[in-house]
Amino acid sequence: MMQEVELKLVLTADAADQVARELPSDDATRTTMLEAIYFDTPEQTLRGHGASLRIRRAGDTRIQTIKIDPAKGAGLFSRPEWERPVTDDRPRLDDTTPVFALLDGTTERLAPAFTVSVERRSWEISENGAEIELVLDRGMVRVGERQSPVCEVEIELKRGDPTALFTLARRIAEMVPLRLGVVTKSERGYGLTGPVRRAFKAEPVSLDGDATTIEALRTVIGACLRHYRLNETVLLGTRAPEALHQARVALRRTRAALGLFKRVLGREQTAHFRSELRWLAQTLGQARDLDVMADMAAAKLGAGDVFDRIEAARGLAYDEVDVALESSRVRAVMLDLTQWLVVGDWSTADATRAVREAPAREFAAAALRKRRKALKIDAPSLALLTDDERHAIRKDAKTLRYATEFFADLFVDAVQQKRQAKFVSTLETLQDRLGTLNDAATVPAILARLGLEDTEAALVDDRKHAKRLDRAAAAHSALLDRKAFWR
């Protein structure tokens with residue numbers, strides 16, 4: 001077994017042509033046609049365990065490769081890999097790899113799931129004393145009649161400091177626009193076996209119970225960036241409201257994670273990245289507000305002038321989203337944040353060494369305790385707060401919810417799981433009820449911006465305000481009564 005460390009970047013076909021022209025061509029440059037068959041059971045057992053099994057042919061040579069990717073992240077892939085030569089397109093498995101155990105010691109039900117055909121051009125590059133293999137893959141993933149193009153750069157560290165991966169990535173980024181790659185070729189193939197995804201919800205964060213704080217930090221924030229990039233990819237091709245919503249959720253989760261770990265990461269850099277992500281979230285938020293308004297107008301007023309004016313404004317807001325997503329600013333912050341997470345100065349600072357290397361469970365318990373305390377307001381009722389103060393409570397509730405999801409794997413005994421389920425359920429109720437109050441508070445301002453103040457009475461029912469306040473206050477009290485699952 002070997003450990004693979006690589007940075008994956010995606011680019012357009014035209015950009016790939018430019019990279020191929022501008023990188024040096026010499027005797028170390030190779031071009032190879034690769035044909036790979038990926039295998040799984042009909043129930044996709046391997047996929048369910050974060051594993052992939054392929055046989056790749058290059059000329060007359062066939063190599064079987066098994067990869068395990070239990071915790072998906074963004075951009076930088078580090079995962080166990082097993083390789084062996086084979087003579088034909090039939091998998092050869094034994095107890096030296098985990099796949100054999102996943103399949104209960106039998107390979108009879110394995111069958112081809114999809115194929116990947118690429119032209120691979122590769123370079124051996126020395127960068128600041130590190131040895132790096134850079135490959136440019138262009139081709140297609142196929143499942144039956146369905147197919148998906150591949151156009152990506154993979155920069156694999158063979159020897160040396162991982163910083164060199166990012167130095168080389170930035171040199172290429174000066175040539176052409178690049179985005180972090182978060183989807184493996186096997187994921188592309190599996191994606192073709194089901195319906196087309198129009199949005200991606202946050203995936204569970206996989207943390208080992210013995211993880212250190214630094215391991216948890218990188219896993220959590222990597223998962224948040226992956227969540228964002230999956231939905232950004234959808235938005236780059238279509239104006240899908242649910243993908244926009246999930247991209248905003250991903251940005252909020254990333255900002256929340258940076259806040260949770262700022263004791264380790266440092267305030268100054270954390271503040272910079274949170275500010276950049278806030279700017280992007282606000283840009284997406286303008287379009288999201290109009291998505292909600294359009295649905296509200298359609299349900300309560302139907303087709304007509306009001307709906308048409310909201311739709312026109314929504315189109316302009318999505319134009320702004322398109323401009324932002326295509327900007328170098330957005331591409332840069334994702335690469336900068338990934339580099340900072342992997343090789344930032346914070347990761348070797350003496351002042352925070354003890355907390356970085358401490359058990360993540362201890363850090364998580366303290367963070368959850370602090371975030372819950374933030375919800376203990378002095379006012380006897382939410383009704384006594386202003387709209388802005390209630391909105392602040394709602395944001396604190398969201399942060400607590402995200403922290404609960406991030407650290408769920410660290411508290412897994414029977415009592416903790418039972419308490420956690422009740423805690424999350426009550427927290428969700430509070431979020432929903434505060435969200436309803438927030439919608440009622442923000443709709444008038446949105447209508448005013450659109451010059452539609454006269455429609456407020458038709459879209460917002462103030463008669464239910466007192467009842468909504470009572471329901472939110474009840475949910476808030478219920479949450480504070482819940483037993484902490486992290487003890």
Side-chain angles (χ1 to χ4, degrees), residues 199 201-202 241-253 255-256 281-282 284-302 306-307 310 313-314 317 371-372 374-405 421-450 452-482:
K201 292 185 177 182
E242 184 58 24
L244 181 92
H245 171 58
Q246 287 298 325
R248 285 188 71 222
V249 171
L251 293 171
R252 286 200 304 263
R253 285 166 63 88
R255 292 184 65 242
Q282 288 173 343
L284 271 57
Q286 294 174 19
R288 176 59 182 170
D289 287 344
L290 291 166
D291 283 335
V292 174
M293 287 296 302
D295 289 344
M296 187 182 299
K300 295 188 175 183
L301 301 176
V306 172
F307 179 79
I310 293 174
R314 178 162 66 163
R371 294 299 168 177
R372 188 189 189 189
L375 288 172
K376 293 184 177 181
I377 57 175
D378 294 331
S381 169
L382 288 179
L384 301 180
L385 303 180
T386 65
D387 289 335
D388 287 343
E389 289 170 335
R390 276 192 293 271
H391 183 52
I393 295 264
R394 178 173 176 248
K395 290 193 291 185
D396 287 337
K398 283 183 179 179
T399 300
L400 179 57
R401 166 79 179 278
Y402 298 150
T404 298
E405 294 170 346
K422 292 181 178 179
F423 191 87
V424 170
S425 177
T426 307
L427 188 51
E428 288 175 345
T429 300
L430 175 61
Q431 278 188 258
D432 289 343
R433 293 178 180 177
L434 289 174
T436 300
L437 286 168
N438 187 66
D439 289 344
T442 56
V443 164
I446 298 171
L447 292 174
R449 289 201 304 269
L450 300 175
L452 296 172
E453 298 94 328
D454 293 344
T455 64
E456 181 180 335
L459 295 177
V460 181
D461 187 354
D462 287 335
R463 294 172 299 176
K464 296 182 179 180
H465 184 65
K467 185 176 181 180
R468 293 185 186 120
L469 282 172
D470 289 343
R471 286 165 57 81
H476 180 257
S477 297
L479 179 68
L480 297 183
D481 288 339
R482 287 294 180 204

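From a predicted model like this one, the values you see are computed outputs, not experimental measurements.
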Non-hydrogen atoms of Ala397 and Leu375 that approach each other most closely:
N-CD2, 3.7 Å
Quick one: are Ile310 and Leu452 in side-chain contact, heavy atoms under 4.5 Å?
yes
Ring pair (Phe, Tyr, Trp, His ring centres under 6.0 Å) with Phe423: which residues, sequence neighbours excluded?
Phe485, Trp486
Quick check for you: to the nearest 0.5 Å, what is the distance between Lys395 atom NZ and Leu400 atom CG?
15.5 Å
Enter the distance from Asp470:CG to His465:NE2 here, rounded to the nearest 0.5 Å.
10.0 Å
By side-chain contact (heavy atoms from CB on, under 4.5 Å), Asp387 pairs with (sequence neighbours left out) Arg390, Ala441
How long is the span from the CG atom in Leu427 to the NE2 atom in His476, to the nearest 0.5 Å?
10.5 Å
All salt bridge (charged side-chain N to carboxylate O under 4.0 Å, His left out) counterparts of Asp396, not counting sequence neighbours:
none
Restricting to non-hydrogen atoms, name the atom on Leu284 and the atom on Ala247 that form the minimum distance, rounded to 0.1 Å.
CD2-CB, 3.7 Å
State, with a plain yes or no, whether a side-chain heavy atom of Val292 is found less than 4.5 Å away from one of Val443.
no
Listed by chain and number, what are the side-chain contact (heavy atoms from CB on, under 4.5 Å) partners of Ala256, not counting sequence neighbours?
Thr399, Tyr402
How long is the span from the CG atom in Leu430 to the OG atom in Ser425, to the nearest 0.5 Å?
11.5 Å
For Gln282, the side-chain contact (heavy atoms from CB on, under 4.5 Å) test, sequence neighbours excluded, returns Arg278
The criterion is side-chain contact (heavy atoms from CB on, under 4.5 Å); which residues satisfy it with Ala440, sequence neighbours excluded?
Val460, Arg468
Go through the structure and list residues passing salt bridge (charged side-chain N to carboxylate O under 4.0 Å, His left out) with Glu428, not counting sequence neighbours.
Arg401
Do any pairs count as a side-chain hydrogen bond (donor to acceptor under 3.5 Å, both in side chains) and have a residue in residues 433-444, sequence neighbours left out, and if so which ones?
His391-Asn438
Work out which heavy atom in Ala199 is nearest to a heavy atom in Ala243; give both atom names and the distance.
CB-N, 3.6 Å
Going by side chain to side chain donor-acceptor pair (under 3.5 Å), name the residues that satisfy it together with Thr426, two or more places apart in sequence or in a different chain.
Arg482
Walk me through whether Val306 and Leu450 qualify under side chain to side chain contact (heavy atoms under 4.5 Å, CB included).
CA-CA 10 Å; Val306 172; Leu450 300 175; over 6 Å; no
So which heavy atom on Ala294 is nearest to which on Phe307, and how close?
O-CE1, 3.6 Å
Quick one: which residue pairs count as a salt bridge (charged side-chain N to carboxylate O under 4.0 Å, His left out) with a foot in residues 285-298, not counting sequence neighbours?
Asp291-Arg314
Return yes when atom NZ of Lys300 has more than 12 non-hydrogen atoms of other residues, nucleotides or ligands closer than 6.0 Å, and no otherwise.
yes
